[in-house]
Amino acid sequence: MASWPEHPRLIGTRIPRVDGMAKASGRAKYPSDVRPEGMLFGVMLYSPHAHAKITSIDTTAAEKMPGVKAVEVIAKAGATLRYQGDDIAAVAAETEEQARDAIAAIKVVYEVLPHVVTEAASMADGAPKIVNTGNVRKGRAITKGNVNDAFKKADATIEGTYSAPVITHVCLETHGLTAKWDDKDHITAYASTQAVGPTAAELAGTFNIPFTNVTVLTEVMGGGFGSKFGADLWGRTAAQLAQKAGAPVKMFLDRVQEHLAAGNRPSASGTVKMGATKDGRLVAMEAHTHGTGGVRGGAGFPLPYVYDVPAASRTHDDVMVNCGGARAMRAPGHPQGCILMEAAMDDLAEKLGMDPIDFRIKNLAPNDFHTPIYLGELAIGAEAIGWKENRKPRGQGGKGPIKKGFGVALHQWGGGGTQDKQVTCIINPDGSVELKSGTQDIGTGARTILAVIAAEILGLEVGQIKSNIGNSTFPTGQPSGGSTTSPSMAPPCYSAVTAARDALFAKVAPALGVQPADLDVKGGKVLVKGEPKLTWAEACRKLGTMPISELGKFQPGLASGGVGGCQFAEVEVDVETGVVRVKKIVAVQDSGLILDLLTWESQVYGGVIGGLNYGLFEERIMDPTTGVMLNADMEMYKLAGASDIPEIIVKAYDPPEQKARGVIGVGEPPTISTAAAIGNAVSNAIGVRVPVWPMSPRNVLNALAAAATEGKA
Amino acid sequence: MADLDTKPRPGASRRDFLRGSGLAAASAVISGPARAALDEAAAEAREAQDAVPVLSGQVKITLKVNGQERHTTVEPRSTLLDTLRHRLDVTGPKRVCDRGSCGACTTLVDGAPVYSCTTLAVSCQGKTIETLESFDTGPEGVPHAFHQNDGLMCGYCTPGFVTACKALLDRNPHPTLEEVKQGLNGNICRCGTYVGVLKAALAAAKSMKGA
Ligand code: FES
Ligand code: FES
């Protein structure tokens, strides 16, 4: 079994990302920045209606407009449009202004059909059927133990209804690519994607050309969060337009269609009944949940979550609405499951009169590998937020209108790597070192960690390694999803670099009259039996004209999967205005061996801020009457700005036994529990459960008003 | 959410706003001291109408971008952002919301930060246009501070933050953390890099001071 160096020089330290200066100086060329010679601008026409049939579509006028080089109809007469933002046609023209004019000149006659854009409307009696099989798709019911009997053992039972809204990915670089035909059956695509290989395969399949004839390039890209795993219809259309026009075509969605059609995180709602004995042991849960992933389904989420519930029964309905389809979004399903579970846990702890942390600890599964991790993390987090000194029981948040509260939530994520990915390491006679792999960096720092590994093993500086990724023609790399990139790519990188180093030793040893085993590298020098003998460059020169090129594959012992994690929130709630201010968040996260602490921390901060957005601001607002999204922009679709950022304390949980697990990804786990912790802190502050996320003034005031009516507050 | 009043309002004086919102409607409800400003604005608008030819079709313009005179052809409706990106291959500023709410397109015009997505290219003739590609990349520059403090992840919002930060430090070389936040409130990052961004801005202020 391979293992990472015991006393690393670089691994685990703070290393600025290798492409950081290119990005910070505006020099990095994103797919949406690339402009091949003669490039045309593509624009999409998309549905203004939530549900409609195309009666007729006429592009004659558009085709004759100045600058227009190609028009492509996607939805022909008779086609059904299933949501606002559904694709209809596309135009390529010399300028973007001309392409937009041409789009406006396409004459479409619609037969508007009845729509449903909210779950309530979709599930209502007599709702228009928007899917042949019915608007509600029943998920697989879960039953564990005898729930009815188990509830009889409960000393306290709560029943709560909780919900979280649909949110959209809001990738700052919208979905799209620039397609350029190199000849009639070779294409190059500059794509904003999380997966260069699958994107190339999709284009190859669309045009029925060999995979090897397609080159997908993603040097850098502007965010994906789970929504960018292929060329998509827009990308395929760009390639079609490029073929028709005989010129490269750039096609990136506008902000409105990005919100409408490029993916979203499904909503989650449900009634959760949960009971426990008076010493705080859970006995049973019964949950009926639903959610919507738009026209596509896929609104499932884990529940029960994290805790050991001896008896549970759960039903789940996927509700179809006339909205764009869901896509994976940063820890798919988990933030929703975490909200429902952790809200119920807090409400039950309250009913039992127990401290929420004690109650949680009592219900961790005894033989689960997460349990010792959670115990360690909860101790660190409680200390950092000052739980013992500062937290008061629910509803004792202060006398004035501003109430203070504290909340906690736990999460987990599987992650882990694949074992079939590859990296090539090339050592050139001039001493330069290059890594090649068909993975990509979506902002996580994937490019940098590969360079860190190589520099560590070769005794060089990180800046001496060229980490060449984002090219589908390179050895197969991992798509950036599921927090799998690092654990998939680190082992083959280790293998490739180690093999290349050993090959170099084999070449150099005879020239020095020693055995390869006598050689080592350190501080840019080649050592013989511990003594520096040659500089790195001198050693490489002995390669003559032949570079070393080694392909690395998976080796066991270097990576793992499965993490826990917990987060704490401190909030202030103004009960007169309903405004919630998050004062502090503590995130404690395990993820095995950390390769680059600086980019690791950024990932955790980013996850927390994503969770803060989900907890406080974000929500796709659909108008039931017109069927359109009311906030398909970046003003009314609220996202945190600099002044909304609280103090955030990030703590790595990495005792030696965690480091020994090897590399595990961290992109997703830290975004899971933030919103749940914030919601729990709000309830702790105001003494009333706010059952609807986000914790917006409206939802907070509604909860206070409801409680007042019931005489609770 | 971010306090809207603290966002930079590129080039939008109150008088411009009144002009944009339609003088007649505004006059109908405004009286007193505001009247004088309105009258003045109306007179100016009439003058402007007489002086400036109506632009249409393709317009040849010259823009001074990062110290170079650049010639190109635009339409009157072409934004400064699209002109930079699509016609002049200056792709540092990014198009994200395309309507003045995210800051990714921030560009310095005569030293002031503007949202180039809501600024017309034809209105920028004769002005000095600077994008972050022209900033000092050495250890005292703002880009270096962003790099060292990891004030970026995917990096698509970064040009806007770097430019807004530079504009802030040009105006206020010794900002407090609170002032930095205010200065950057017109920018949005989806990856959630604010912690690194704020550190970077303070670090940049420090190294510039040392210079
Ligand atoms: S692109 Fe100009 S403010 Fe968003
Ligand atoms: S770094 Fe990706 S949006 Fe800010």
Side-chain angles (χ1 to χ4, degrees), chain A residues 14 16-17 19-30 32-35 41 95-97 169-174 220-225 252 254-255 441-445 598-599 601-603 605-610 612-613 617 633-635 638-645 648 650, chain B residues 1-3 6 75 77-78 82 85-87 89-99 101-102 104 131-133 135 137 141-159 162 180-198 200:
Chain A
R14 298 168 173 277
R17 59 187 74 219
D19 46 11
M21 186 42 110
K23 288 178 174 181
S25 63
R27 285 165 178 74
K29 284 282 179 188
Y30 288 76
S32 55
D33 295 335
V34 173
R35 194 175 61 155
F41 293 82
T95 71
E96 196 177 31
E97 290 88 345
H169 295 72
V170 201
C171 307
L172 288 209
E173 181 175 44
T174 59
V220 288
M221 58 86 78
F225 313 105
F252 284 80
D254 65 22
R255 181 53 53 192
D441 192 332
I442 63 165
T444 56
L598 185 62
T599 54
E601 278 178 357
S602 288
Q603 289 265 77
Y605 284 128
V608 166
I609 291 169
L612 173 103
N613 280 320
F617 303 127
D633 54 38
M634 292 179 71
E635 297 141 60
K638 300 285 187 197
L639 291 169
S643 286
D644 299 307
I645 305 304
I648 303 174
V650 168
Chain B
M1 268 315 287
D3 179 359
T6 62
E75 294 187 39
R77 61 178 159 165
S78 303
D82 290 353
R85 289 178 57 81
H86 296 162
R87 291 165 168 95
D89 209 20
V90 177
T91 55
K94 301 288 184 254
R95 184 159 97 189
V96 169
C97 69
D98 210 18
R99 53 186 282 179
S101 36
C102 78
T131 70
L132 79 162
E133 286 102 317
F135 296 174
T137 53
V142 176
H144 178 80
F146 272 70
H147 180 207
Q148 293 303 308
N149 291 281
D150 213 34
L152 53 99
M153 286 198 253
C154 83
Y156 212 71
C157 69
T158 311
V162 166
V180 169
K181 287 185 179 180
Q182 301 267 319
L184 301 180
N185 264 344
N187 295 67
I188 289 174
C189 172
R190 183 46 151 168
C191 295
T193 58
Y194 294 103
V195 176
V197 164
L198 297 177

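Below, all heavy atoms of this structure are taken into account, side chains as well, without hydrogens, waters or symmetry copies.
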Toward chain A, the part of [X] with a non-hydrogen atom under 4.5 Å:
{"X": "B/R77", "answer": "side chain"}
{"X": "B/T131", "answer": "neither"}
{"X": "B/D98", "answer": "side chain"}
{"X": "B/E75", "answer": "side chain"}
{"X": "B/T158", "answer": "side chain"}

Over 60° means perpendicular and under 30° means parallel, so tell me whether B/H86 and A/F41 are parallel, tilted or perpendicular. tilted
With only heavy atoms counted, which part of [X] is less than 4.5 Å from chain B, the side chain, the backbone, both or neither?
{"X": "A/Y605", "result": "both"}
{"X": "A/V220", "result": "neither"}
{"X": "A/S32", "result": "both"}
{"X": "A/E96", "result": "side chain"}
{"X": "A/F252", "result": "neither"}
{"X": "A/R35", "result": "side chain"}
{"X": "A/D33", "result": "both"}

Nearest 0.5 Å, please: how far is [atom2] in [Y] from [atom1] in [X]?
{"X": "B/N149", "Y": "B/T193", "atom1": "CG", "atom2": "OG1", "answer": "11.5 Å"}
{"X": "B/T137", "Y": "A/M21", "atom1": "OG1", "atom2": "CE", "answer": "5.0 Å"}
{"X": "B/C189", "Y": "B/L184", "atom1": "SG", "atom2": "CG", "answer": "11.5 Å"}
{"X": "B/C191", "Y": "B/Y156", "atom1": "SG", "atom2": "OH", "answer": "12.5 Å"}

With chain A, which of B/C97, B/P159, B/P93 has the greatest number of heavy-atom pairs at distances under 4.5 Å?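 Answer, by heavy-atom pair count under 4.5 Å with chain A: B/C97.
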Residue from B/G155, B/A104, B/A145, B/G92 scoring the most non-hydrogen pairs under 4.5 Å with chain A is B/G155
Note: B/R87-A/E97 ion pair, threshold 4.0 Å (strictly below): yes
For the side chain of A/N613 and the backbone of A/G610, is there at least one donor-acceptor N/O pair under 3.5 Å apart?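 No; judged by distance alone, with no hydrogens or angles, the pair does not exist.
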Ignoring hydrogens and angles, tell me if any N or O in the side chain of A/D633 forms a donor-acceptor pair with the backbone of A/E635 under 3.5 Å.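 Present.
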Flag the pair B/D150 / A/T599 as yes when at least one side-chain heavy-atom distance between them is below 4.5 Å, and no otherwise.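 A side-chain contact under 4.5 Å exists here.
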Residue of the set A/I648, A/I609, A/D644 for which side-chain contact (heavy atoms from CB on, under 4.5 Å) holds with B/Y194: A/I609
Max heavy-atom pairs within cutoff under 4.5 Å with chain B, candidates A/R14, A/K23, A/R17, goes to A/R17
